[in-house]
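Order of appearance sets the numbers: ligands from 1, and atoms from 1 within every ligand. Because the structure is predicted, anything quoted here is derived from the model rather than measured. Throughout, residue positions are numbered sequentially from 1 according to the sequence presented.
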Amino acid sequence: MQRSSMWVPGRNYAQLSDRGEDMPVPVLAPPTTALPIAAREREILYAVETSSVVVLAGETGSGKTTQTPQFLHRAKFGRIVVTQPRRIAAITVAERVAQEMGVRVGGEVGYAVRFEEKWDEDRTMIKFCTDGMLVRETMSDPLLSRYDVVMLDEAHERNLETDILLGLIKKVLRRRPDLRVIVASATLNIETFVRYFTDKKREAETKLQSAVAISVQGRQFPVDVHYLETPTGNYLQKAIDTVLAIHSSEPPGDILVFLPGQEEIEYVVERLSQSTPPTLLPMAFYGSLPVHVQQAVFEPSRPHVRKAIIATTIAETSVTIPGVVYVVDSCFVKLPFFNPLTGVEALVTTVESKAAAKQRMGRAGRVRPGKCYRLVTQEAYKTTFPKYTLPQIQRVNLAPIVLHLLSMGIHDIVHFDFISPPSAEALVRALEVLFSLGAIGADCRLIEPLGTHMAEFPVDPFLSRMLLASFDFKCTEEALTVASMLSVEDVFMNPRGSKERKAKVAEAIAEFAHAQGDHWTYLKIYTAFIENDASRQWCDEHCLNYRILVRAMEIRKQLLRYVKRFGSDEKRIQSCGENPDPLLQCVVAGYFANAAKLHGSATYRTIKDGRIVHVHPTSVLNSFLKSPEWIVYHQSVLTTQEFIREISTINPRWLLQAAPDFYHCKDVSAVVSGSSGGVGLPKPKPAAPTAPATDANGRILFRRPTETKKPASKLPVHIGKSKGGLRSQF
Ligand SMILES: Nc1ncnc2c1ncn2[C@@H]1O[C@H](COP(=O)(O)OP(=O)(O)OP(=O)(O)O)[C@@H](O)[C@H]1O
């Protein structure tokens, strides 16, 4: 039963939630009865009662996310946790459900996203969280014992974390017949999930159906889909033109535009700001913006102003932006693809899947009828778009997730029941990386305390290794700043556009450029930003992106909390002052695998595998007259060629200090030998085999590089069957 009847159409819930604790909680009467899912409430409850897993498919906007948890709550199913692929969805959906129930967020309904939580240990009965947060929770509570129902929402996205949760939950179900699971989405492959969870043995034991499917037809309001008559050669220009055409000829209603990434978004926002009447308000919406900027998107427009929200996939699933009537879909998405053989992760702009396109379309038609403009021809959509996006687990670096599974005591990673197993190369690569970072030993067990601490950090293992090493180099203050700056996207404004603009941005980069490279440059920018009272005006004057720097400030605060947890009397948070070396040594401690030696003008050869890489145009190295001979970089990006970003000059001796084994083993020597200019690196050793070697029992052999002379001492890594599974609980 709904508790109130006062519904304020278009009222902003983000603002409402900011009201003081003593203010009465405003209650919205949602259109629940009109939502297609409302008619299926009893059927859904029956299915959850009688089956371990319910696969719930229903059109976008049919009410899966906001209503299902309320059905369960009213039917007293106990504690419910609902996962979302993204932070903003978890927060805004929690706000919405709390309002519909007439309660305050943080009480009966709460949320938990990385670095931000609003829920109560005793009182919260419906908790929304990112799938990453639930994965982290399994570290301390592998049986998810605090929950009675787990709902994995938007499962079609096949996030890395969703896939890990699916595997973990399948394990948990064997130990907890009382647990109920709902896997939900508008666009999921029902059979795949039902098959995955069907378990006849468990059915016989529990007398429950192991998995059933429910399909909810219909959506609340129609959405007309339009396609281009002829293909466009410039989708950004087409997106701008479409927004302007809607604004000039269509009735009121906000516009939501989907573009692949931050750079494209900033460009379009800027172009629209220059060329639009004051009645059109362009707004950027992407993941690395500060949360309060993201939430502003949900606020109602001022009278007679139409918002044009230019977004990434962040707005693709679950969210309801109440004013949105028009969706403009570029049909492109930026996806990371990791090559385990080279260790290179490429961010590739590619066409979206049909599942993603349906989700984007579904952001319209939620509170009234809508229109969706796909910037491709219908023919191209039908014939060239894949049905589903390739699961993330099959295209990303697995080191963070393997570290997590190991920290849970799951050593048999190869036989972990992945719904879509990753390649053996990707798993071996992940183990190699963790081994070289010192997180695991040759037996694939975590090394205490380093491996455990690294697993607890909510950042990738390279960055956590760097932060933990900062205690030894007495530069934690600086490392925290650099880690936060590395966690956001481009800090300088987009140089696209006029020649003058390009020159202005180049001038600003040159002003901050530090002789040691990008890491110290970031430090310099952040310090100046703080010294200038984090002022927006100062950022504008220096062509810096204010919102990105504010986000870096937020991340720094959060990382500081973690770093403090691992500190001690000997491991204190200290500053290295002006001395550049400690910070760079600390960067090398995490990123030694990304070392390279000068090969030609603005070109380097990676030490590990001799790849030729190019300095990215955003690096301050471009401002130097002479390129440094030895460098370490943060990431490489594959476009027409391989570019490296966030680069600093190093002393090659640091590589040997940080990772003597790694550099003896790998073909460092091929690069170093003779031509090293007497830098003191060791003589060449025979190169290690690139494909994983196995022993007679099929066990993968891991070789400590220093032991290449003594094959007898090869260290076996057993990734065969484990007895234990999840720590003691399994
Ligand atoms: N913040 C909000 N403001 C106004 N209406 C909302 C809001 N959130 C949800 N609604 C209404 O509730 C409906 C159902 O939303 P819900 O998120 O539960 O649907 P869903 O089936 O999970 O959709 P999706 O698959 O797109 O996530 C929306 O279509 C909209 O009518």
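- Judged by the 6.0 Å distance and 45° axis criteria, K127 is not positioned over the aromatic ring of Y111.
- At a 4.0 Å cut-off, not a single heavy atom of G362 sits close enough to ligand 1 to count as contact.
- Taking every non-hydrogen atom of E59 and a distance limit under 4.0 Å, the qualifying atoms of ligand 1 come out as 21 (O).
- Ligand 1 has L35 within reach: a non-hydrogen atom of the residue lies less than 4.0 Å from it.
- Using a non-hydrogen distance threshold of 4.0 Å, E154 registers as a contact of ligand 1.
- For ligand 1, the polar-atom distance check against G61 finds a nitrogen or oxygen pair separated by under 3.5 Å.
- Residue contacts with ligand 1: T65 is placed with a nitrogen or oxygen under 3.5 Å of a nitrogen or oxygen of the ligand (distance criterion only).
- The backbone and the side chain of K64 each have at least one atom closer than 4.0 Å to an atom of ligand 1 (non-hydrogen atoms only).
- Using bins of under 30°, 30° to 60° and over 60° for the plane-to-plane angle, the ring pair Y373/H226 lands in the parallel bin.
- Every N/O-N/O distance between T60 and ligand 1 stays at or above 3.5 Å.
- For P322, every heavy-atom contact with ligand 1 shorter than 4.0 Å involves the side chain, none the backbone.
- Among M361, R96, Q70, the residue whose heavy atom sits closest to atom 11 (C) of ligand 1 is R96.
- Considering only heavy atoms from C-beta on, H73 comes within 4.5 Å of M101 through its side chain.
- The main-chain N or O of V48 is never found under 3.5 Å from a side-chain atom of S51 such that the two would form a donor-acceptor pair.
- Side-chain contact, R374 with Q378: no donor N or O sits under 3.5 Å from an acceptor N or O.
- Using a 4.0 Å cut-off to heavy atoms of S318, the atoms of ligand 1 that qualify are 17 (O), 27 (O).
- Taking only nitrogen or oxygen atoms, main chain and side chain alike, V367 does not reach within less than 3.5 Å of ligand 1.
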- Task: Decide yes or no on side-chain contact (heavy atoms from CB on, under 4.5 Å) for T317 and R86, but give the supporting numbers first.
- Result: CA-CA 9 Å; T317 50; R86 280 173 278 276; 3.1 Å; yes
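- Among residue pairs with one or both ends in residues 380-392, those qualifying as side chain to side chain donor-acceptor pair (under 3.5 Å) are S353-T389; sequence neighbours excluded.
- A heavy-atom separation below 4.0 Å is found between R363 and ligand 1.
- Between the K64 side chain and the E59 main chain, a donor and an acceptor come within less than 3.5 Å of each other.
- The shell of residues lying under 4.0 angstrom from ligand 1, judged by heavy atoms, includes S62.
- A salt bridge links E316 to R360: at least one charged side-chain nitrogen sits closer than 4.0 Å to a carboxylate oxygen.
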